[in-house]
A.B. asks: 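One structure, as structure tokens, below. Some questions next.
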Amino acid sequence: MSELETVGRALAHARRIGVDRLDAQLLLAQQLGCARAWLLAHDDAVLASTDQEAVGALLTRRAGGEPLAYLIGVREFHGLLLHITPDVLVPRPDTETLVDWALELLADLDTPHVIDLGTGSGAIALALKQACPRARIHASDASPQALAVARGNGQRLVLPITWHLGDWWRPLDPALRFDIAVANPPYIAPGDPHLAALQHEPQAALVAQDDGLADIERIIAGAPGRLNPSGWLLLEHGFDQADAISKCLLQIGFSAVATRCDLAGQPRVSGGQWGAAMV
Ligand code: GLN
């Protein structure tokens, strides 16, 4: 009998090669076109040889560290099911800290204009639009492939966003002014040991020069002149970057600078308000 001949044997094989049980079930369910619940009750169901081959290949890729989201093509973020390809970073629960902070700020505004810089899959922009339909949301990304993924997600979820192709603020009409700007930019330093576990994701979305701060500094430097008076800039960052970023925000003239922690209790998002002291 082949190692993958039945559901039960395929799951045992997955365990032997180090694939998490839930991941193995989701890969199997996708390949067989069944629900995960069906698998639980059909340990002895026999797999066709083409399914055995395909499941074997998927489990090997998962054991090699490819994110589950790339293998099944979807990922849940802030209650939305997003389509994900290797052209975009897999959305992380950490980023929900940024979304929730932006939503708190949006609650006080009538028809807010929002920009998500470096939108990737569109995760942040779409989560904000879903939770706050009255907000006018723009999103930019320098990668045409990423923007295509984001656009596709927007169409599928019927959430209208204005998409812009280009680096950070650059593609935006200089006359546009925003009440809230958010970004989850690349912030890992080149050569950081964490990158070993992230090799399947687009490096341009992860790595930034100057100890991981280069893109964050460009975003901060571009913010004056793009934000309305009292507008906010919120930036996701590495666990050890809050001080450097807060300093940079204060230097350029932001006030009310603060940092929030992610679900693991790590400082993860810093932000400030533009020109509030002058109003
Ligand atoms: N904004 C996207 C996200 O949070 C992409 C981030 C990135 O590519 N650095 O998932």
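Just so you know, ligand 1 is whichever comes first in the structure, and atom 1 is the first atom listed for that ligand.
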A.B. asks: Taking only Lys NZ, Arg NE, NH1 and NH2, and the carboxylate oxygens of Asp or Glu, determine whether Arg260 and Asp100 approach each other closer than 4.0 Å.
C.D. replies: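 Salt bridge flag = no for Asp100 with Arg260.
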
A.B. asks: If you measure from each non-hydrogen atom of Thr119 to ligand 1, which part falls under 4.0 Å: side chain, backbone, both or neither?
C.D. replies: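 The backbone, only.
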
A.B. asks: Would Gly120 count as a polar contact of ligand 1, with the cut-off being nitrogen or oxygen pairs under 3.5 Å?
C.D. replies: no

A.B. asks: For the atom pair CG (Leu80) and CD (Gln130), what is the distance rounded to the nearest 0.5 Å?
C.D. replies: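 Answer rounded to 0.5 Å: 5.0 Å.
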
A.B. asks: For atom 10 (O) of ligand 1, what is the nearest protein heavy atom, given as residue, atom name and distance?
C.D. replies: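 Answer, as residue, atom name and distance: Pro91 CA, 3.9 Å.
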
A.B. asks: Taking atom CH2 of Trp274 and atom OG of Ser230, what is their separation to the nearest 0.5 Å?
C.D. replies: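 Going from the CH2 atom of Trp274 to the OG atom of Ser230 covers 11.5 Å.
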
A.B. asks: Using a 4.0 Å cutoff against the non-hydrogen atoms of Thr95, which atoms of ligand 1 qualify?
C.D. replies: 4 (O)

A.B. asks: In terms of atom number and element, which parts of ligand 1 are under 4.0 angstrom from non-hydrogen atoms of Ile124?
C.D. replies: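 Reading through ligand 1 atom by atom, the close ones are 1 (N), 4 (O).
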
A.B. asks: In terms of relative ring orientation, are Phe178 and His138 parallel, tilted or perpendicular, with 30° and 60° separating the classes?
C.D. replies: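 Judged by the thresholds at 30° and 60°, the geometry between Phe178 and His138 is perpendicular.
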
A.B. asks: Quick one: do Asp179 and Trp232 satisfy side chain to side chain donor-acceptor pair (under 3.5 Å)? Show the steps, please.
C.D. replies: CA-CA 6 Å; Asp179 301 294; Trp232 284 83; over 6 Å; no

A.B. asks: Looking only at protein heavy atoms, which one is nearest to atom 8 (O) of ligand 1, and what is the separation?
C.D. replies: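 Ranked first by proximity to atom 8 (O) of ligand 1 is Ala205 CB, 3.1 Å.
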
A.B. asks: Answer yes or no: is there a side-chain heavy-atom contact under 4.5 Å between Val182 and Leu128?
C.D. replies: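 SC-SC contact between Val182 and Leu128 confirmed.
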
A.B. asks: Could you tell me the residue and atom name of the protein heavy atom closest to atom 1 (N) of ligand 1, and the distance to it rounded to 0.1 Å?
C.D. replies: Gly118 O, 3.1 Å

A.B. asks: Check the surroundings of atom CG in Asp173: do more than 12 heavy atoms from other residues, nucleotides or ligands lie under 6.0 Å from it?
C.D. replies: yes

A.B. asks: Which atoms of ligand 1 sit under 4.0 Å from any heavy atom of Leu89?
C.D. replies: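 Ligand 1 atoms under the 4.0 Å threshold to Leu89: 6 (C), 7 (C), 8 (O), 9 (N).
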
A.B. asks: Identify the closest protein heavy atom to atom 7 (C) of ligand 1: which residue and atom is it, and at what distance?
C.D. replies: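 Of every protein heavy atom, Asn184 O, 3.3 Å lies nearest to atom 7 (C) of ligand 1.
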
